[in-house]
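The structure appears right after this line, and notes come after that.
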Amino acid sequence: MKTQELKAKARHELIEYGVNVVYLTLVFAAFTVYRRILLAEHGVTHENYGFAVIEALVLGKVIMLGDGRLGRGLEARPLIFPTLYKTLVFSALVAAFKVVEFGIKGLWQGVGFAGGLMLLSDKWSDELLANGLVLLVALIPFFAIKELGRVLGKDRLSSLFFR
């Protein structure tokens with residue numbers, strides 16, 4: 001590739017990554033704020049904003065890498081199919097990240113990775129199920145817009161929203 005093409009591709013990918021990270025950070029931070037407010041009512045302090053940003057940075061890149069590869073067989077079907085498929089796959093991925101997050105918290109707190117997973121098992125039924133359900137709903141418009149961009153063309157979609 002020529003230098004101009006490489007610069008254009010890098011710029012495009014950086015913008016896409018930025019959009020992914022901003023959206024995911026807002027979603028994860030909203031969960032964190034909501035959790036903090038609920039826990040504060042019971043006298044429990046919760047200030048875990050760093051994980052929201054870290055999760056968004058990692059998952060934003062994972063989405064960029066997997067978005068073009070996942071659901072290829074569904075591209076000829078109505079947009080709801082690839083949208084829901086990608087939503088389910090990436091929601092499961094967020095759940096996996098949540099498991100790793102609790103393991104790291106366990107290491108940080110000195111109870112080990114397995115101890116962190118025990119903390120996770122204490123919260124599994126209520127908090128994580130609710131978290132997963134809300135995330136599932138929050139990712140549907142994210143992937144719906146991405147699928148619209150794939151079908152219409154990203155430039156056309158961008159111009160429909162911003163010009």
Task: With Glu147 via salt bridge (charged side-chain N to carboxylate O under 4.0 Å, His left out) - residues at least two apart - done: Lys86, Arg150

Task: Heavy-atom pair of closest approach, residues Pro78 and Pro82 - done: O-CD, 3.1 Å

Task: Path from Ile63 to Leu79 over hydrophobic side-chain contacts below 4.5 Å - done: no

Open item on the list: So that I can tick it off, tell me whether Lys146 and Glu16 are bridged by a salt bridge, with the cut-off set at under 4.0 angstrom between side-chain N and carboxylate O.
Closed with: yes

Open item on the list: Would you say Phe31 ends up clustered with Leu26 if hydrophobic residues are merged whenever their side chains have heavy atoms under 4.5 Å apart, either directly or through other cluster members?
Closed with: no

TODO: Measure the shortest side-chain to side-chain distance between Glu13 and Tyr17 over non-hydrogen atoms and say whether it is less than 4.5 angstrom.
DONE: no

Open item on the list: Would you say Val58 ends up clustered with Tyr23 if hydrophobic residues are merged whenever their side chains have heavy atoms under 4.5 Å apart, either directly or through other cluster members?
Closed with: yes

Task: Any Val62 side-chain heavy atom under 4.5 Å of Phe90 side chain - done: yes

Open item on the list: Rounded to the nearest 0.5 Å, what separates atom OG1 in Thr87 from atom CG in Leu136?
Closed with: 6.5 Å

TODO: Heavy atoms only: give me the nearest Ala52-Ala29 pair and the separation to one decimal.
DONE: CB-N, 3.9 Å

- [ ] Apply ring pair (Phe, Tyr, Trp, His ring centres under 6.0 Å) to Tyr85 and list each qualifying residue two or more places apart in sequence or on a separate chain.
- [x] none

Task: Side-chain heavy-atom pair Asn20, Met64 within 4.5 angstrom cut-off - done: yes

Task: Qualifying residues under ring pair (Phe, Tyr, Trp, His ring centres under 6.0 Å), relative to Phe28, sequence neighbours excluded - done: none

Task: Verify same cluster id: Val134, Val89 (apolar side-chain graph, 4.5 Å) - done: yes

TODO: Mark yes when over 12 heavy atoms from residues, nucleotides or ligands other than Phe113 sit less than 6.0 Å from its CZ; otherwise mark no.
DONE: yes

Open item on the list: My understanding is that only one of Leu57, Leu59, Leu135 makes a side-chain contact (heavy atoms from CB on, under 4.5 Å) with Leu24; could you say which?
Closed with: Leu59

- [ ] Taking all heavy atoms of Ile145 and all of Leu157, pick out the closest pair and write down the distance.
- [x] O-CD2, 3.4 Å

Open item on the list: Please determine whether side chain to side chain contact (heavy atoms under 4.5 Å, CB included) holds for the pair Leu152 and Leu160, giving the CA-CA distance in whole Å, both sets of side-chain angles, and the decisive distance to 0.1 Å.
Closed with: CA-CA 10 Å; Leu152 295 175; Leu160 286 171; 4.0 Å; yes

Task: Residue pair Thr32 / Arg36, side-chain heavy-atom distance below 4.5 Å - done: no

Task: Path from Val22 to Val19 over hydrophobic side-chain contacts below 4.5 Å - done: no

Task: Leu139 versus Ser91, closest heavy-atom pair with distance - done: CD1-OG, 3.7 Å

